[in-house]
Amino acid sequence: MLRQGLGTNITAIVNRLASELQNTPFYNDFLADVQTTMATQNFNKERFGAECYEWAQGTSLDTRLRNALYHLMHVQPTLLANPDTPRHVLKEPLTYIRKAQSAWERRLVKCVNSMTAELGVPLSRRRTKQEKEEFSDRWASLSTEETDLTMIRPVYAPKDFLEVLASLRNPNYDEAVEENLWGSIQLPFKVNDIKGLVELYGELAYCCKHTGLDEAVAGEYKTNLTLAEERLILGQKVVERNHGPLSRELIKSGCPTSLRGVLWHQVLGLEITDKHYKHFDELVQAVLQHDLLVDKLIMKDIQLTASNDDQYFVFEDILFQVLLCFFRDTEVLSHFEHSSASPPLAVARGNTPSPDALVAYPPCGVIPFHGFTMYAAPLSCLYEDPVPLYFTFREMYCRYWYRLHIVTSHSQGAAALALQFELLLQSCETRLWQHCCAMSIQLLPIVFKWIVRAFSGYLVPDQLFHLWDVVLAWESLEVLPVLALAIVSFRRENLMDVTSQQGAEAVLADITAISVIPLLKLALAADRGRERDP
């Protein structure tokens with residue numbers, strides 16, 4: 001597994017992985033368990049190393065170590081890069097993209113600073129003892145908090161971010177010589193076409209039976225059980241194995257509803273322990289201790305999104321708890337190690353402005369946008385306890401969702417996904433594309449908000465979970481533009497009748513009734529359908 005694309009620096013990479021593993025919370029607990037277990041064994045001193053290795057194979061210790069390494073490589077992909085590669089190149093190889101992201105970050109910081117000046121409130125302030133006690137008493141019912149948020153406005157919305165991406169140009173790209181890009185995204189990124197996507201999602205494209213689609217049909221093993229019953233039994237066995245890669249393979253063909261929470265934890269490498277509860281309690285105390293401007297931003301976002309959603313309004317209180325804690329969690333900063341973005345910085349109160357006095361603001365390094373709440377809202381349907389909910393949300397954000405609102409050339413970044421949708425539309429729905437061009441209709445602004453929010457808030461929870469199953473199983477966000485294309489294809493006849501942008505928006509305004517897996521299968525089958533046409 002380590003030899004694919006790593007060249008000759010395997011020893012250096014292995015040493016780096018071993019060193020990084022020692023810095024994780026997993027290491028000390030694992031080492032103590034190994035020492036305790038090994039003390040009960042009677043190994044030959046001359047063959048101690050070999051006997052230890054043979055004995056460990058297939059044990060729970062071996063599984064835990066493999067899981068830890070597997071998740072470490074996925075959480076920190078830069079560990080597998082050439083050790084001689086400069087850090088800024090690992091984060092983002094294209095200079096003009098780095099400059100664009102820096103300009104975007106300065107714009108966001110300027111917007112936040114303008115808001116503090118306009119409202120006359122500080123970025124952060126310590127709560128008084130009375131305020132702390134009152135806030136603590138209301139912690140379980142924060143949705144009833146009577147905070148005046150009328151003057152609070154979102155820092156930006158997906159449409160603002162799309163305008164930034166649409167304005168980007170590669171200074172080395174000569175349109176007079178090279179092929180012109182016809183869509184809104186004028187970036188010559190290499191993205192998968194439909195054939196590449198069929199190859200990537202082959203098991204989804206060709207699989208005949210899928211949980212959530214064929215649950216009532218007969219199982220695959222010639223028993224009297226339905227597919228849903230068989231998959232539940234199989235899922236329970238996989239859960240018992242507690243093996244991350246095995247759990248990923250299971251959910252590729254659908255995830256049993258009752259096991260989704262625990263299977264997602266295994267895929268993400270999460271094992272909720274007392275340490276997680278302790279860390280969450282520390283974050284709660286940080287919320288009680290300080291009042292941040294971003295608290296009002298996220299409260300406003302919850303009001304504008306989850307509170308107005310029929311599926312999630314009942315979870316307002318737990319969303320307040322989870323998101324207020326998130327923006328104080330400095331461990332979220334770790335994802336900037338492999339992101340083109342950098343955390344916004346501010347001078348800590350009482351310090352003289354200098355590089356040494358700068359700290360990340362907010363502490364997590366993320367400025368929320370309109371719709372940020374919807375990354376966490378669906379998880380409230382899976383986890384009643386805020387602690388598992390919080391760490392699942394944090395892990396998914398740091399692995400996947402952060403790419404959806406930064407300027408990056410990564411193949412799963414927002415720019416590449418938007419470009420991919422436009423190219424898929426041109427190649428798979430040529431007549432519709434021509435009609436939209438003739439009528440000056442742009443479909444990307446409509447579907448981009450779906451993509452940036454990973455369809456959360458646009459699909460009903462059970463269908464959204466099928467989509468997020470695919471994201472976790474293939475560890476790829478490229479399914480988002482595929483589903484966007486599938487929805488557009490499904491509404492093709494209606495879109496062919498509209499002659500204005502407003503008409504297209506009306507046709508695609510409500511997508512809650514769609515079924516995700518059948519549409520994805522149809523979209524991925526489009527390439528095979530064209531091959532069969534004479």
- request: Would you sort out whether Leu444 and Gln442 count as a side-chain contact (heavy atoms from CB on, under 4.5 Å), showing the intermediate values?
  value: CA-CA 6 Å; Leu444 180 60; Gln442 291 187 326; 5.6 Å; no
Output yes when [X] and [Y] qualify as a salt bridge under the 4.0 Å nitrogen-oxygen rule, no when they do not.
X      : Y      : result
Glu337 : Lys91  : no
Glu199 : Lys195 : no
Asp469 : Arg260 : yes

Side chains of [X] and [Y] in contact at under 4.5 Å (non-hydrogen atoms):
X      : Y      : value
Lys190 : Ser411 : no
Ser307 : Tyr312 : no
Leu259 : Leu232 : yes

task: For a ring-ring contact (aromatic ring centres under 6.0 Å, His included) with Phe393, tell me which candidate from Phe326, Phe280, Trp264 qualifies.
output: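 When Phe326, Phe280, Trp264 are each tested with Phe393, the ring-ring contact (aromatic ring centres under 6.0 Å, His included) holds only for Phe326.
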- prompt: Pick one: which of Trp474, Trp401, Tyr400 meets ring-ring contact (aromatic ring centres under 6.0 Å, His included) with Trp468?
  reply: Trp401
message: If you apply the rule salt bridge (Lys or Arg N to Asp or Glu O under 4.0 Å), what do you find for Lys159 with Glu163, and how did you get there?
response: CA-CA 6 Å; Lys159 64 182 181 63; Glu163 290 174 1; 5.3 Å; no
Classify the side-chain pair [X]/[Y] by whether it contains a donor and acceptor separated by less than 3.5 Å.
X      : Y      : answer
Asp329 : Tyr390 : yes
His410 : Ser340 : no
Gln420 : Asn192 : no
Glu92  : Thr408 : yes

- request: Answer yes or no: does atom CD of Glu505 have more than 12 heavy-atom neighbours from other residues, nucleotides or ligands under 6.0 Å?
  value: yes
Flag if over 12 foreign heavy atoms under 6.0 Å of CD, Glu271: no
message: Just to verify, what does Ser489 make a side chain to side chain contact (heavy atoms under 4.5 Å, CB included) with, not counting sequence neighbours?
response: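 Partners of Ser489 under the side chain to side chain contact (heavy atoms under 4.5 Å, CB included) test: Glu429, Leu485, Arg492.
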- prompt: In chain order, what residues pass the salt bridge (charged side-chain N to carboxylate O under 4.0 Å, His left out) check against Arg98, with sequence neighbours excluded?
  reply: none
